[in-house]
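Reviewing the structure listed below.
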Amino acid sequence: MKKIIYIALMAGFAACGEGKHALVPAENDVDAGREFVRAALDGDFEKANFFLLKDSTNELLIKQQEQNYRNQPAGVRSEYKEASIRIIERKTLDDSTSTFRYYQSANAKDTTTLRIVKKEGQWMVDLKSVIKM
């Protein structure tokens, strides 16, 4: 009997752990942009990285963004976590590229435009577009 309870508990713990890390690819460009921004505002850079186009420049930029986030006072990070995302404009450039212009309510005066690309069937954020726009 103890063995059955132990197995059941272990299976339950394993299922809980999988739920947190089971990330689902974005269905479209808007979902990719929104999921990326939400993860970054929440300080979940593992999730933000999941929605990031993988190249050396983007990886450097996300590490810098994470470091900047971690250096913010707790009150500012809390405001980011409570912030809502407002999409201002979305432009489709072609069947695999769009732009996503938004602001977040913790800093409504600052708008950002992200480039979202579809690569190998998955929508991803090209963060280096922020430094080019």
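Quantities reported herein were computed from a predicted structural model and do not represent experimental measurements.
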For the residue pair [X] and [Y], establish whether any side-chain heavy-atom pair is separated by less than 4.5 Å.
{"X": "Trp123", "Y": "Val117", "value": "no"}
{"X": "Ser78", "Y": "Glu82", "value": "yes"}
{"X": "Tyr102", "Y": "Ile88", "value": "no"}
{"X": "Asn107", "Y": "Gln104", "value": "yes"}

Closest approach of Phe51 to Val24 (non-hydrogen atoms, all atoms of both residues): CZ-O, 3.6 Å
Non-hydrogen atoms of Ala39 and Ala48 that approach each other most closely: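 Heavy-atom minimum between the residues: CB-N, 3.5 Å.
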Interatomic spacing from [atom1] in [X] to [atom2] in [Y] - rounded to 0.5 Å:
{"X": "Thr111", "Y": "Glu89", "atom1": "OG1", "atom2": "CD", "result": "10.0 Å"}
{"X": "Leu53", "Y": "Glu120", "atom1": "CG", "atom2": "CD", "result": "9.5 Å"}
{"X": "Glu46", "Y": "Ile62", "atom1": "CD", "atom2": "CD1", "result": "12.0 Å"}
{"X": "Gln67", "Y": "Phe45", "atom1": "CD", "atom2": "CZ", "result": "11.0 Å"}
{"X": "Met124", "Y": "Leu52", "atom1": "CE", "atom2": "CG", "result": "7.5 Å"}
{"X": "Glu66", "Y": "Asp44", "atom1": "CD", "atom2": "CG", "result": "9.5 Å"}

Test side-chain contact (heavy atoms from CB on, under 4.5 Å) applied to Val130 and Thr112, Thr113, Val125, the passing residue: Thr112
Looking only at atom types and distance, does a side-chain atom of [X] sit under 3.5 Å from a main-chain N or O of [Y], one as donor and one as acceptor?
{"X": "Asn28", "Y": "Val30", "result": "yes"}
{"X": "Arg115", "Y": "Leu127", "result": "no"}
{"X": "Lys54", "Y": "Asn49", "result": "yes"}
{"X": "Ser105", "Y": "Ser84", "result": "yes"}
{"X": "Arg38", "Y": "Gly33", "result": "no"}
{"X": "Arg70", "Y": "Gly43", "result": "yes"}
{"X": "Ser129", "Y": "Asp126", "result": "yes"}

Leu114-Leu93 co-clustered via ILVMFWY side chain contacts under 4.5 Å: no
Derivation and outcome, side-chain contact (heavy atoms from CB on, under 4.5 Å), residues Ile87 and Arg101: CA-CA 6 Å; Ile87 300 171; Arg101 186 168 171 236; over 6 Å; no
Between Gln64 and Asn68: side-chain donor-acceptor atoms closer than 3.5 Å: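 The criterion, which ignores hydrogens and geometry beyond distance, is satisfied for Asn68 and Gln64.
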Whether over 12 other heavy atoms sit under 6.0 Å from Tyr103 OH: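 No, not enclosed.
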From CA spacing to verdict: salt bridge (Lys or Arg N to Asp or Glu O under 4.0 Å), Asp95, Lys118: CA-CA 8 Å; Asp95 63 343; Lys118 190 173 190 179; over 6 Å; no
Residues Asp29 and Arg90 bridged, charged N to O under 4.0 Å: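 Salt bridge between Asp29 and Arg90, a charged N being under 4.0 Å from a carboxylate O: yes.
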Glu35/Lys47 ion pair, N-O < 4.0 Å: yes
Aromatic ring proximity Phe36/Phe100, centre distance under 6.0 Å: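 Aromatic pair excluded; centres sit 6.0 Å or further apart.
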side-chain contact (heavy atoms from CB on, under 4.5 Å) assessment of Thr57 paired with Leu60: CA-CA 5 Å; Thr57 304; Leu60 180 68; 5.8 Å; no
